[in-house]
S.K.: 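Sending over a structure as structure tokens; questions will come in a sec.
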Amino acid sequence: LDHDQFVPYFEPQVDLATGEIVGFEMLARWIHPLSGVIGPDVFIPVAEEIGLIGRLSEHVIAEALREAASWDAKVKISVNISPFQLADGWLAQRIVKTLADTGFPAERLVIEITESSLFADIDLARTIVTSLKNQGIRLALDDFGTGFSSLSHLRSLPFDVIKIDRSFVTNINAKRENSAIVRAVTTLANALQVPVCVEGIESEDSYKTVVRLGCEIGQGWYFGKPMPAEQARELLDARERHDEVPRRNAGNRPRRSRSPAREAPAGTRKARRLCVPSRRGRHLPGVRDGARRRSRLRAGFLAGRGDHCRA
């Protein structure tokens with residue numbers, strides 16, 4: 001921590017209907033000088049055991065929000081809160097302070113809370129959740145269906161997103177039970193008017209299946225692996241440049257005026273439209289102009305005319 005070796009990585013979250021990137025889930029990585037990139041499954045349990053999970057999480061979240069503050073305003077950032085942090089009565093105040101320090105808008109932040117962490121102290125969790133909602137922060141119920149599932153959570157806590165765990169999606173086409181669970185959760189969420197985010201989409205088949213089941217948002221290696229902030233920014237910039245082309249074709253770009261061509265003499269209008277400049281400054285016939293000229297030459301040759309040799 002003192003050497004800033006813990007950094008945020010970003011996993012894309014995609015609108016399954018349009019393919020548009022609507023957010024990123026922030027995941028911590030340890031950039032070790034000797035071992036390289038180390039995943040959170042290695043160091044998170046150690047940080048929780050020695051009591052550094054709060055400090056580590058605040059550090060990585062602050063870096064992530066600072067990086068993403070200048071990204072597209074429609075792109076949200078999701079961060080995970082561990083059960084140890086949810087036991088901290090000052091958690092909401094710490095998150096609000098981080099938002100103020102980084103200049104990140106509260107409405108673009110999504111706090112992900114697992115079902116199992118709610119049972120440690122449901123009253124304290126409800127207080128923290130309410131405080132976060134009052135600040136405009138969105139909430140996601142993470143890993144729904146893997147913990148102590150209870151419909152009372154969806155009724156009593158104001159969640160904005162339900163996330164289906166990757167364990168139900170990885171083999172969704174091989175296990176009928178997984179498909180049934182995803183369908184049931186999606187139906188329930190639609191009735192509550194809460195969008196569903198599916199984790200673990202790693203193939204085209206699983207992507208098509210979750211779309212058919214009515215899921216709205218997805219993430220997984222099929223759309224992109226977790227990446228550093230620089231690569232995430234480049235991905236957004238590339239998407240924006242790609243989207244500009246259809247917008248221009250749709251008429252947002254001013255069309256060139258055709259008045260010079262209409263004012264030109266009758267015999268030169270076609271040449272100006274069909275010819276392209278050569279490297280030597282002269283004009284060479286375009287594709288359509290050349291085809292029509294060859295057609296006239298053939299007609300003149302068959303008619304015995306001699307003007308087909310003129311340039």
Side-chain angles (χ1 to χ4, degrees), residues 6-29 40 54 56-82 85-86 90-114 128-144 157-164 189 193-199 215-220 223-243:
F6 294 96
V7 300
Y9 269 48
F10 299 85
E11 181 176 349
Q13 296 176 329
V14 177
D15 186 321
L16 297 178
T18 65
E20 180 183 2
I21 296 177
V22 296
F24 289 91
E25 180 178 357
M26 190 279 294
L27 303 168
R29 293 292 186 269
L56 188 155
S57 179
E58 289 179 12
H59 169 76
V60 179
I61 290 175
E63 288 298 319
L65 299 186
R66 192 174 291 110
E67 288 282 353
S70 60
W71 296 356
D72 189 337
K74 299 189 297 294
V75 174
K76 295 177 173 55
I77 300 298
S78 300
V79 299
N80 293 278
I81 297 299
S82 75
Q85 292 176 275
L86 202 59
W90 293 94
L91 176 63
Q93 288 80 356
R94 296 179 192 279
I95 294 176
V96 171
K97 182 179 184 303
T98 301
L99 290 174
D101 293 342
T102 59
F104 192 84
E107 61 273 12
R108 290 180 56 197
L109 178 63
V110 181
I111 299 295
E112 298 186 2
I113 302 174
T114 61
I128 293 175
V129 164
T130 302
S131 299
L132 294 174
K133 287 288 293 184
N134 290 339
Q135 297 296 327
I137 299 171
R138 296 166 60 86
L139 299 171
L141 183 57
D142 196 15
D143 298 342
F144 185 77
L157 298 175
F159 288 104
D160 301 285
V161 181
I162 296 176
K163 298 195 69 175
I164 299 178
Q193 297 183 344
V194 177
V196 170
C197 179
V198 185
E199 298 178 312
C215 302
E216 301 179 28
I217 305 171
Q219 64 184 89
F223 304 109
K225 296 182 179 181
M227 62 192 73
E230 182 179 356
Q231 292 184 16
R233 188 187 312 110
E234 291 175 354
L235 178 61
L236 290 174
D237 292 342
R239 289 288 185 111
E240 184 176 355
R241 289 193 299 268
H242 180 268
D243 291 342

S.K.: Donor-acceptor pair, Q231 side chain versus P228 backbone, under 3.5 Å?
M.R.: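 Not a single qualifying donor-acceptor pair exists.
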
S.K.: Which residues satisfy the salt bridge (charged side-chain N to carboxylate O under 4.0 Å, His left out) test with K133, sequence neighbours excluded?
M.R.: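 K133 satisfies salt bridge (charged side-chain N to carboxylate O under 4.0 Å, His left out) with D160 once adjacent residues are dropped.
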
S.K.: Do the side chain of R108 and the main chain of A68 share a donor and acceptor less than 3.5 angstrom apart?
M.R.: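 At least one qualifying donor-acceptor pair exists.
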
S.K.: Compare every heavy atom of L109 with every heavy atom of F104, then report the nearest pair and how far apart it is.
M.R.: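 For F104 and L109, the tightest heavy-atom pair comes out as CE2-N, 3.8 Å.
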
S.K.: Do E240 and D72 touch side chain to side chain, with heavy atoms closer than 4.5 Å?
M.R.: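 No, their side chains stay 4.5 Å or more apart.
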
S.K.: If I compare all heavy atoms of G19 with all of R239, which pair ends up nearest, and what's the gap?
M.R.: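 Here G19 and R239 meet closest at O-NH1, 2.7 Å.
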
S.K.: Kindly determine whether F223 and L16 satisfy side chain to side chain contact (heavy atoms under 4.5 Å, CB included), including the steps that lead there.
M.R.: CA-CA 10 Å; F223 304 109; L16 297 178; 3.6 Å; yes

S.K.: Take L91 and I81, measure what side chain to side chain contact (heavy atoms under 4.5 Å, CB included) needs, and give me the verdict at the end.
M.R.: CA-CA 10 Å; L91 176 63; I81 297 299; 3.8 Å; yes

S.K.: Measure the spacing between CD1 of I95 and CG of L132 and express it to the nearest 0.5 Å.
M.R.: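 One finds 5.0 Å between CD1 of I95 and CG of L132.
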
S.K.: If you define the side chain from C-beta out and look only at heavy atoms, does anything of L141 sit under 4.5 Å from L157?
M.R.: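 Sidechains of L157 and L141: no contact.
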
S.K.: Give the intermediate values and the outcome of side chain to side chain contact (heavy atoms under 4.5 Å, CB included) for residues E25 and E199.
M.R.: CA-CA 11 Å; E25 180 178 357; E199 298 178 312; 3.8 Å; yes

S.K.: Taking only residues two or more places apart in sequence or in another chain, which ones pass salt bridge (charged side-chain N to carboxylate O under 4.0 Å, His left out) with D15?
M.R.: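 Partners of D15 by the salt bridge (charged side-chain N to carboxylate O under 4.0 Å, His left out) criterion come out as none, since no residue qualifies.
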
S.K.: Start with the C-alpha gap between W71 and F10, add the side-chain angles, then the distance that decides, and say whether side chain to side chain contact (heavy atoms under 4.5 Å, CB included) holds.
M.R.: CA-CA 13 Å; W71 296 356; F10 299 85; 4.0 Å; yes

S.K.: Mind checking the CG-CD1 spacing from D142 to I113? Nearest 0.5 Å is all I need.
M.R.: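 Those atoms lie 9.5 Å apart.
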
S.K.: Where do P12 and Q219 come nearest, in terms of heavy atoms and distance?
M.R.: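 In this case the closest contact between P12 and Q219 is O-CB, 3.2 Å.
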
S.K.: Looking at CD1 of I164 and SG of C197, how far apart are the two atoms once the value is rounded to the nearest 0.5 Å?
M.R.: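 Atom-to-atom, I164:CD1 and C197:SG are 9.0 Å apart.
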
S.K.: Just how far is it from atom CG of L86 to atom CD1 of I128, taken to the nearest 0.5 Å?
M.R.: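 Output value for this atom pair is 4.5 Å.
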
S.K.: Indicate the atoms forming the closest heavy-atom contact of P40 with R29, along with that distance.
M.R.: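 Heavy-atom minimum between the residues: CD-NH1, 3.1 Å.
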
S.K.: Please report the shortest heavy-atom distance between R233 and E67, naming the atom on each side.
M.R.: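 Looking at all heavy atoms of both residues, the closest pair is NH2-OE1, 3.0 Å.
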
S.K.: Looking at P226 and L27, what are the two nearest heavy atoms and their distance?
M.R.: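 The answer is CG-CD1, 3.7 Å.
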
S.K.: What's the separation between atom CD1 in I162 and atom CD1 in I217, rounded to the nearest 0.5 Å?
M.R.: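 The distance works out to 11.5 Å.
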
S.K.: With rounding to the nearest 0.5 Å, note down the distance linking CG in N80 to CD1 in I111.
M.R.: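 If I round to the nearest 0.5 Å, the distance is 9.0 Å.
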
S.K.: Hey, does E234 have a side-chain heavy atom less than 4.5 Å from the side chain of M227?
M.R.: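 A side-chain contact under 4.5 Å is absent here.
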
